[in-house]
Amino acid sequence: MSKNKPSLPQGTRDFDPATVRKRRHIFDTIRTVFELYGYQPLETPAMEQLDTLMGKYGEEGDKLIFKILNNGLGDPKNLEKATFAFQNVLAGKNDPNLTERALRYDLTIPFARYVAMNHGTLTFPFRRYQMQPVWRADRPQKGRYREFYQCDADVVGSYSLINEVELAAIYATAFKKLGIPVDIRVNNRKILAALAEVCGGADKMTDITVAIDKLDKIGLDKVKTELGERGLTDAQVSTIESYLAIDGTNDEKLALVGALFAGNPTGTKGVEELNHILNYPSTPPLTVDLTLARGLNYYTGTIFEVKALDVQMGSIGGGGRYDDLTGTFGVPNIPGVGISFGVDRIYDVMQELQLFPTNVHTGTTILFFNLGEAESRAAFGLLQQLRDRGIPAELYHEQAKFDKQFKYAEKKEIPYIVILGGTELAARQCQLKDLRTGQQSTLDFDQLLTADFI
RNA sequence: GUGGUUGUAGCUCAGUUGGUUAGAGCAUCAGAUUGUGGUUCUGAGGGUCGGGGGUUCGAACCCCCUCAUCCACCCCA
């Protein structure tokens, strides 16, 4: 026997019953909205082939992928192979003789893998949603976990910008239902690409976006410093500065960006796309944020990010358009666009703003007191009939003092208790007590079985 | 991956410059109270002081390592 205290791996959590109920409220809300927009459920395995994941999330992303050690490494006949493989890993390379599987890092790449494997049988455009945990070997901190859930909705096989409008509407609807005030920000990667082109540093796009993404956090001066450190010339930094100076309403910003990139086809296209989305009928309120970049490097068009207002928290959702996601799996020309909800952060935000409904009681409705052998047998019969009616009910597990059974009901916030003792049993009656009001009434068995429990 | 914070009973925390047997509140259990709880009173259980090593006559306290935690960076949901 080990005398070590049990513990959890870093960045993982247990969810107690109360927490699960609250989390379910979030999942149910999001699922309902997904279904409302015609998205269909999909689930994929917790682990993928390492090849499927590597190289899709950038260099930093690769480091954060949880890799799974192969089985059978201890077998003597594998000794040489395994030792050699280990040398490779120590040198910073992956070796399939040591690890060839990994935990999924997000839901988008596994979805792309699924689409690539099944493109012959899918009907396009294919809309799917997926709500499953993902794992990242990040260092945990506020709002950041090593195991967390994502809720994704993607549509593949369509270039139409109506998809973007609908996804924005899904965000707006879901967060409205949850009661979270949010700012939905949009930008377009084509505009960022144009910025890099105009600066003459098309190859510097990643450096530029990473730096300007921090504008509201570290300020203009530090962004300029960082751009310099990333190898951009003063002239290039100056161009970027004039881009960052663009401000005003959505329309004003887009007009200014359009003028700035007047001769640049990519930039013009990006501005057109954003204009189209913003002016489509019933598009929810969006904020054009020209500094929004998003890390995942497969985005090519519209990008989304959702920030909760009134609370200090990273983004609680994000997504965007990718024009050739399945290309790396050998199936070119399938475009797509998708969004993701960060359930764990949404939970933290709702907890902080006290947005969870408190009046909905979803646990046991009735507790039967256990007052003896004959009494509990009778109680059990009634109990089962109430359960057949769909009323959550339970019988105290053993005969005990009233005090104890009352306290149990109180702890579990059970609103009704039924007292069925010797006297009641003889008269085929029972006492029904509402613990919230303290009111108690005597009921025949038939009355109990047909009563309304609110 | 880098830097810092914290770790004492189930929970929240005291614990003096290193000095007998480490405390409190809440919670739990038992009794007062074999059929109507929440109040009150009495009593009890519960800790290798996160883990390992070191310094010392002596460590919850000092040093090193390690694990976990929270925060910042990197990056991200």
Side-chain angles (χ1 to χ4, degrees), chain A residues 2-13 16 26 30 57-65 92 104-108 131-152 171 206 209-211 213-214 217-218 222 226 230 292-297 304-308 312-320 338-349 367 369-372 375 396 399-414 417-425 430-436 438-442:
Chain A
S2 167
K3 58 180 175 180
N4 293 335
K5 287 178 188 169
S7 63
L8 284 171
Q10 188 177 35
T12 65
R13 300 151 295 162
D16 63 26
I26 299 173
I30 295 171
Y57 308 106
E59 247 178 79
E60 288 298 319
D62 283 354
K63 289 184 198 161
L64 299 180
I65 293 172
R104 79 164 95 76
Y105 179 89
D106 72 353
L107 301 179
T108 307
M131 310 200 295
Q132 290 188 281
V134 302
W135 294 269
R136 294 183 189 178
D138 223 346
R139 189 173 285 207
Q141 55 176 278
K142 185 178 171 67
R144 178 180 300 189
Y145 310 96
R146 291 186 136 185
E147 178 186 64
F148 62 97
Y149 276 73
Q150 287 190 333
C151 297
D152 280 23
Y171 266 146
T206 305
T209 53
V210 166
D213 198 31
K214 301 175 186 169
K217 201 168 181 179
I218 63 177
K222 286 189 177 175
E226 182 160 341
R230 286 175 180 270
L292 178 62
R294 308 243 348 122
L296 300 175
N297 55 12
F304 295 102
E305 188 158 290
V306 183
K307 291 277 291 179
Q312 192 67 35
M313 179 70 70
S315 67
I316 56 177
I339 55 170
S340 180
F341 289 79
V343 172
D344 300 83
R345 285 187 180 176
I346 291 171
Y347 180 93
D348 291 344
V349 168
L367 175 72
F369 274 22
N370 188 326
L371 301 171
E375 291 87 340
Y396 197 77
Q399 189 177 353
K401 295 196 298 186
F402 266 55
D403 178 70
K404 209 167 177 180
Q405 304 197 45
F406 267 121
K407 280 184 174 162
Y408 177 81
E410 192 180 60
K411 271 248 168 78
K412 290 190 67 174
E413 294 180 1
I414 298 171
I417 58 120
V418 170
I419 297 166
L420 204 176
T423 352
E424 287 85 359
L425 182 57
C430 59
Q431 309 284 342
L432 177 69
K433 182 167 183 172
D434 185 331
L435 294 185
R436 295 163 299 187
Q439 284 183 342
Q440 183 171 323
S441 50
T442 306

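For clarity, every value in this text was computed on a predicted model and none was experimentally measured. What's counted below: heavy atoms across the whole structure, side chains too, no hydrogens, waters or symmetry copies. A note on names: the letters A, B, ... follow the listed sequences, proteins ahead of strands, and every chain is numbered from 1.
- With sequence neighbours left out, the side chain to side chain contact (heavy atoms under 4.5 Å, CB included) criterion links A:Gln10 to A:Pro140, A:Arg146.
- Side-chain N/O atoms of A:Lys214 include none lying less than 4.0 angstrom from OP1 or OP2 on B:C73.
- Across all strands, A:Gly317 comes closer than 4.0 Å only to sugar-phosphate atoms, never to a base (heavy-atom distances).
- Atom CZ of A:Arg294 is separated from atom P of B:C75 by 14 Å (rounded to the nearest Å).
- As rounded to whole Å, 12 Å separates atom C1' of B:C73 from atom NZ of A:Lys222.
- Per the geometry, CZ belonging to A:Phe406 stands 14 Å off P belonging to B:U39, to the nearest Å.
- Residue contacts shown for A:Gly11 are limited to sugar-phosphate atoms, with no base heavy atom under 4.0 Å away.
- Using a distance-only test at 3.5 Å, with no hydrogens or angles considered, a donor-acceptor pair links the side chain of A:Arg345 to the main chain of A:Gly143.
- Within 4.0 Å (heavy atoms only), A:Ser315 reaches sugar-phosphate atoms of the nucleic acid but no base atom.
- Using atom P as the reference point in both B:G25 and B:C64, the two lie 37 Å apart (nearest Å).
- Here the P atom of nucleotide B:A77 and the CZ atom of A:Arg146 are 17 Å apart, to the nearest Å.
- Spacing between atom CZ of A:Arg13 and atom P of B:A77 amounts to 16 Å, rounded to whole angstrom units.
- For the C1' atoms, the distance linking B:A72 with B:A27 amounts to 36 Å, nearest Å.
- Heavy atoms of A:Gln405 sit nowhere under 4.0 angstrom from any nucleic acid atom.
- Atom name P, nucleotides B:G4 and B:C41: the rounded distance is 50 Å, in whole Å.
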Identify the pairs formed between an N or O of the protein and an N or O of nucleotides 31-35 of chain B at a distance under 3.5 Å, and give each distance.
unit_1: B:G35; atom_1: O6; unit_2: A:Gly422; atom_2: N; d: 2.4
unit_1: B:G35; atom_1: N1; unit_2: A:Glu424; atom_2: OE1; d: 3.0
unit_1: B:G35; atom_1: N2; unit_2: A:Glu424; atom_2: OE1; d: 3.3
unit_1: B:G35; atom_1: N2; unit_2: A:Glu424; atom_2: OE2; d: 2.6

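- Across the protein-nucleic acid pair, A:Lys142 atom NZ and B:C76 atom C1' stand 16 Å apart, rounded to whole Å.
- No more than 12 heavy atoms of other residues, nucleotides or ligands shown are found within 6.0 angstrom of NZ on A:Lys222.
- Nucleic acid contact class of A:Asp403 (heavy atoms, under 4.0 Å, all strands): sugar-phosphate only.
- With C1' as the reference atom, B:U66 and B:C26 are 33 Å apart, rounded to whole Å.
- Using a cut-off of 4.0 Å between Lys/Arg side-chain N and Asp/Glu carboxylate O, A:Glu60 and A:Lys63 are scored as salt-bridged.
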- Message: Let me check I have this right: for RNA chain B, each base becomes ., (, ), [, ] or |, based on Watson-Crick or G-U pairs with both distances under 3.5 Å. What is the full string?
- Response: ((((.((..((((.....[...)))).(((((.......))))).....(((((..]....))))))).))))....
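- A:Ile417 comes within 4.0 angstrom of nothing in the nucleic acid, heavy atoms only.
- Separation of the C1' atoms belonging to B:U56 and B:U42 is 45 Å when rounded to the nearest angstrom.
- Contact check for A:Leu371 versus A:Glu424: no side-chain heavy atoms found under the 4.5 Å cut-off.
- Using a distance-only test at 3.5 Å, with no hydrogens or angles considered, a donor-acceptor pair links the side chain of A:Gln405 to the main chain of A:Asn370.
- For the pair A:Lys412/A:Leu367, no side-chain contact is recorded, criterion being any heavy-atom separation below 4.5 Å from C-beta on.
- Side-chain contact between A:Asp348 and A:Lys142 is absent, with no heavy atoms from C-beta onward closer than 4.5 Å.
- Looking at heavy-atom distances under 4.0 Å, A:Val134 makes no contact with the nucleic acid at all.
- Look at CG on A:Leu367: it is 16 Å from P on B:G37, rounded to the nearest Å.
- Contact check for A:Ile414 versus A:Leu435: no side-chain heavy atoms found under the 4.5 Å cut-off.
- Residue contacts shown for A:Tyr145 include a base, since a base heavy atom lies under 4.0 Å away.
- Applying the 3.5 Å distance criterion, the base of B:U36 shares a donor-acceptor pair with the side chain of A:Gln440.
- A:Leu64 places none of its side-chain heavy atoms less than 4.5 Å from the side chain of A:Tyr57.
- Shown here are the side chain to side chain contact (heavy atoms under 4.5 Å, CB included) partners of A:Gln440, two or more places apart in sequence or in another chain: A:Gln431, A:Lys433.
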- In B/S/- notation, 5' to 3', how is nucleotides 1-7 of chain B contacted by protein heavy atoms closer than 4.0 Å? BBB----
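- Rounded to the nearest Å, the gap between the P atom of B:A14 and that of B:A24 is 16 Å.
- Proximity of a side-chain donor or acceptor of A:Asp344 to a complementary backbone N or O of A:Tyr149 within less than 3.5 Å is detected.
- Each of A:Gln10 and A:Gly61 has a nearest nucleotide on RNA chain B; the 5'-most of these lies closest to A:Gln10.
- Straight-line distance between the C1' atoms of B:U34 and B:U28: roughly 23 Å, to the nearest whole Å.
- On the C1' atoms, B:A44 is 22 Å away from B:U48, given to the nearest whole Å.
- Taking atom CG of residue A:Asp348 and atom C1' of nucleotide B:C76, one finds them 15 Å apart after rounding to whole Å.
- Ring pair A:Phe341/A:Tyr171: centre-to-centre distance below 6.0 Å.
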Please write out each protein N/O paired with an N/O of nucleotides 41-43 of chain B under 3.5 Å, distance rounded to 0.1 Å.
none

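- For the pair A:Arg136/A:Phe148, a side-chain contact is recorded, criterion being any heavy-atom separation below 4.5 Å from C-beta on.
- Inter-residue side-chain proximity for A:Asp213 and A:Val210 is flagged as unmet; no heavy-atom pair is nearer than 4.5 Å.
- Between A:Phe406 and A:Phe369, the shortest heavy-atom distance links the atoms N-CZ, 3.7 Å.
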